[in-house]
Amino acid sequence: MKLTMDRIYLIGFYLLSIILMTRSGLHIVGYCLISGGTLALIAVATSLFHTNHSKMDLFVNKLRVVGKIMLAAVLTALLIKGIIFLSS
């Protein structure tokens, strides 16, 4: 059940990211800076407060997945903006 909820959260994050970058005034560079800075802050805070390496490994794997989702959202937004630009 937890794996299913994690996947639902990642899909929601992906869709929300695409909607923010294509429909609102948030630019792709701004999205990358905000999301990347937030992930970096979370990573630093987690590494300072946890000394258990197995928990850190799980956290790093989750962080990699979120980073991949961010990259996929940016590429999808670029593709959508390119299609909109070419069709107009």
Side-chain angles (χ1 to χ4, degrees):
M1 184 68 181
K2 179 154 175 34
L3 181 64
T4 304
M5 290 305 295
D6 287 345
R7 288 182 182 171
I8 290 172
Y9 291 144
L10 287 175
I11 291 170
F13 176 66
Y14 174 73
L15 292 175
L16 182 66
S17 299
I18 292 173
I19 290 170
L20 282 175
M21 285 186 281
T22 56
R23 294 290 177 196
S24 70
L26 183 64
H27 297 286
I28 293 174
V29 174
Y31 169 78
C32 291
L33 290 174
I34 291 169
S35 299
T38 304
L39 287 178
L41 181 65
I42 291 170
V44 168
T46 303
S47 66
L48 288 175
F49 294 117
H50 288 282
T51 56
N52 189 351
H53 291 290
S54 63
K55 285 185 180 180
M56 281 302 295
D57 288 341
L58 289 173
F59 175 74
V60 168
N61 286 336
K62 288 181 182 181
L63 199 64
R64 284 183 187 155
V65 169
V66 172
K68 289 178 185 178
I69 296 292
M70 283 176 43
L71 180 64
V74 167
L75 292 176
T76 306
L78 284 173
L79 182 66
I80 290 172
K81 286 186 175 191
I83 289 172
I84 291 171
F85 176 74
L86 290 176
S87 66
S88 62

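Values in this document were obtained by computation on a predicted structure and should not be read as measured data. We use all heavy atoms of the structure for the numbers below, so side chains are in, but hydrogens, waters and symmetry mates are not.
Both L39 and M21 sit in one connected hydrophobic cluster of ILVMFWY residues. Membership requires side-chain heavy atoms under 4.5 Å apart, directly or through other members. I34 and L10 fall within the same hydrophobic cluster, where Ile, Leu, Val, Met, Phe, Trp and Tyr residues are linked whenever their side-chain heavy atoms come under 4.5 Å apart, directly or through other members.
Within the structure, every pair that satisfies the side chain to side chain donor-acceptor pair (under 3.5 Å) test and touches residues 13-41, not counting sequence neighbours, is listed here: Y14-T76, S17-Y31.
Side-chain contact between L78 and V74: present, with at least one pair of heavy atoms (C-beta onward) separated by less than 4.5 Å. For the pair M70/C32, no side-chain contact is recorded, criterion being any heavy-atom separation below 4.5 Å from C-beta on.
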Test side-chain contact (heavy atoms from CB on, under 4.5 Å) applied to I11 and L15, step by step: CA-CA 6 Å; I11 291 170; L15 292 175; 4.0 Å; yes

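Rounded to the nearest 0.5 angstrom, L48 CG and H50 NE2 are separated by 10.5 Å. Taking CG of L79 as the start and CD1 of I84 as the end, the distance is 10.0 Å to the nearest 0.5 Å. Considering CG of L16 and OH of Y9, their distance stands at 14.0 Å, rounded to 0.5 Å. Note: L26 CG to I19 CD1 = 12.5 Å, rounded to the nearest 0.5 Å. To the nearest 0.5 Å, atoms NZ (K62) and OG1 (T46) are separated by 11.0 Å.
Residues passing the side chain to side chain contact (heavy atoms under 4.5 Å, CB included) test with A43 are F59, L63, sequence neighbours excluded.
Heavy atoms of other residues, nucleotides or ligands lying less than 6.0 angstrom from NZ of K68 number 12 at most.
Applying the under-4.5 Å side-chain rule to Ile, Leu, Val, Met, Phe, Trp and Tyr, the cluster around L58 consists of that residue alone.
Residue I18 comes nearest to I80 through the heavy atom pair CG2-CD1, 3.9 Å, listed as atom of the first residue, atom of the second, then distance.
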